[in-house]
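Written below as structure tokens is the structure these notes are about.
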Amino acid sequence: RVLRGWLATALPAATRAAISPDLDALGLHAAEAWVEARGRASVEPELVQWDASGRRIDRIGSTPAWRNGRALAARFGLVAAGHEEAHGEFARCDQFARVYLHHVASEFFTCPLAMSDGAATALKAVAESDQVERLVPRLVSRDVDTLWLSGQWMTETAGGSDVARTATRAEPTGDGRWRLHGRKWFTSAVIGEMALALARPARSAAIGSDALGLFVVETRDADGRWNGIRIDRLKDKLGTRELPTAEIHLEGTLARAVGEASNGVRHIAPMLNVTRLWNAVCAVATMRRCIERAVAFAGVREAFGRTLHAHPLHMATLADLQASFEAAFHLVFHAAHLLGRAERHAATDDEVALLRILTPLAKLWTGRLAVGVASECCEAFGGAGYIEDGGMPRLLRDAQVFPIWEGTTNVLALDVQRAIAGPGFEPLRRHAEELVATADVDAVRAIRASLDGLEAWLRGSDDIARAAEARRFAFSLARTLAAASLARHAARANGDPRPALALTRFIGHGLSRLPARRIAPADALSLFDPAGT
Ligand code: UCC
């Protein structure tokens, strides 16, 4: 209902008509995959390092959903749709509607797809034309035989957040190429044909992330042998267990620089911004699945003489989750539309500034929200929610990845501060006013009051306070902009009362999460002072 409602109000009729058959097919596949997955024991990828005669092969055996992943990605254009011109500024809306329907059924095949999309976007932004011509058509292909997948190799043992500590070295070969030496500690898509990797060019005098270069690695040579890559082991993770996340060594891996072999973080930023949006879309998809399961269960489960539907507290609990999910959905898909507009040079300056802020904001808020929603929905099943064969434990385990990868909540909260510091608060306020131009007056009042509070807080805080409270500031801003996005939708919803009901409930729980009184940042450290001094 929420997806259909948004499609009806946000997309032109011609786009809607063109994409509907694919969305219907993806929806059907999602339902069938859920039933199929519940009926079998879970299968996990396997690393086979040696063949029978003792040769090192490092082959990864996939799960059934992963063996089907490429064909589905090509057939439904899960990466391609975002890069094609048929629907103009609505290309990202089309693409992310597909991703939203497919994510849970894909068993996290969406992870390599997100990175492939991010790689295509980053290459278009910074690479030389020959690299773009060679790689981008493969990454955005709708033909399974030519489709390439890309990894994003950043994280090393020194840290995942502080990428400036990258120790992998890049040595020039003298013919314009490089050889990479080092260890990548979390490589999510080593099954791909290529990866974008950060490495530190040898003999570069610069320090920190400016000195890092961004490199394209093609993972296999023309004979199908690994390109100087050793897979040490697959990670044993809490969730996303179908996804073969690997620890690898690069041992003279041939690579080409993207751009000038410096400014690596700047060059990979377009990739990060795209994968962060995928993260947010997949987080709302997970929320939707969890809530749908819990509401269906409440319709059939009897307790104390009536179904759970007839218990006001149970249904209020689920309705609160639904209201947050609907607000999150509209925030995320608003960001998707802005990305499509920006990529086609149709966005205003305010929209470009807002997109830079909304991307980390949507990622950090929906990541945390997905964990909370998945946890509540497990509880809504009582003991049955704690049992593997009902499917809820897997959703909860998998949800925990959303706040962690692609930048943790705190790292992104600081990024939001940085993104606002440039243009200031004004573009945000102007954009929020545009969103609520025809909205319900009570909603507008609450949204304006929250924006006033956030702006006053920013003005009244020094750098340390802004950093220490960045997370609560980000949650408050995300809630406020989500309310504005949902308010706009509710005003256009053509007689359907449900978006307005969700909005009232969401706003009713308050938009701001800033503390009622200022908390001295130094208190945080003092609280852990062993001497209590
Ligand atoms: O988790 C990973 C793989 C998961 C699989 C993917 C799944 C996708 C979802 C699928 C759903 C199913 S890979 C690991 C991900 N790791 C991160 O995301 C790193 C988190 N850390 C950060 O984001 C940090 O803030 C850093 C690395 C960006 C900070 O680096 P530095 O070294 O301190 O660099 P600076 O100085 O902060 O940034 C360097 C430049 C600056 O440009 P100037 O100086 O011109 O202003 C920044 O403004 O880069 C710019 N910049 C950006 N620009 C930094 N971040 C951005 C950005 N997001 N957008 C635009």
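Numbers for residues simply follow the sequence, beginning at 1. Source: prediction; values computed, not measured. Atoms within each ligand, like the ligands themselves, are counted from 1 in listed order.
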Could you tell me the residue and atom name of the protein heavy atom closest to [atom], and the distance to it rounded to 0.1 Å?
atom: atom 14 (C) of ligand 1; answer: T155 OG1, 3.5 Å
atom: atom 60 (C) of ligand 1; answer: R356 NE, 3.5 Å
atom: atom 26 (C) of ligand 1; answer: S161 O, 4.2 Å
atom: atom 25 (O) of ligand 1; answer: V411 CG1, 3.9 Å

Axial cation check for W185 ring with K235, 6.0 Å and 45° limits: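 So K235 does make the cation-pi contact.
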Taking [atom] as the point of reference, which of [options] owns the nearest heavy atom?
atom: atom 39 (C) of ligand 1; options: V163, L212, V265; result: V265
atom: atom 13 (S) of ligand 1; options: R165, M154, Q152; result: Q152
atom: atom 19 (C) of ligand 1; options: G367, G407, G160; result: G160

For ligand 1, find out whether one of its N or O atoms is nearer than 3.5 Å to an N or O atom of [X].
X: N279; value: no
X: E406; value: yes
X: R418; value: yes
X: R266; value: yes
X: H103; value: no
X: S209; value: yes

Per-residue contact class, A114 against ligand 1 - non-hydrogen pairs under 4.0 Å: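 A114 to ligand 1: side-chain contact only, backbone stays beyond 4.0 Å.
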Check D162 against ligand 1 and report side chain, backbone, both or neither, counting heavy atoms closer than 4.0 Å.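 It is neither; nothing of D162 touches ligand 1.
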Who are the ring pair (Phe, Tyr, Trp, His ring centres under 6.0 Å) partners of H87, not counting sequence neighbours?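 Expected list: none.
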With H83, which residues qualify under ring pair (Phe, Tyr, Trp, His ring centres under 6.0 Å), at least two apart?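 Ring pair (Phe, Tyr, Trp, His ring centres under 6.0 Å) check on H83 returns nothing, list empty.
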Is there a side-chain contact between E426 and P423 in this structure, where contact means two heavy atoms from C-beta onward sitting under 4.5 Å apart?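 When only atoms from C-beta onward are counted, P423 and E426 do not touch, as no gap falls below 4.5 Å.
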In terms of ring plane angle, is the pair F215 and W178 parallel, tilted or perpendicular, where the classes change at 30° and 60°?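 Judged by the thresholds at 30° and 60°, the geometry between F215 and W178 is perpendicular.
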Using a 4.0 Å cutoff against the non-hydrogen atoms of C282, which atoms of ligand 1 qualify?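 This gives 11 (C), 12 (C) as the contact atoms.
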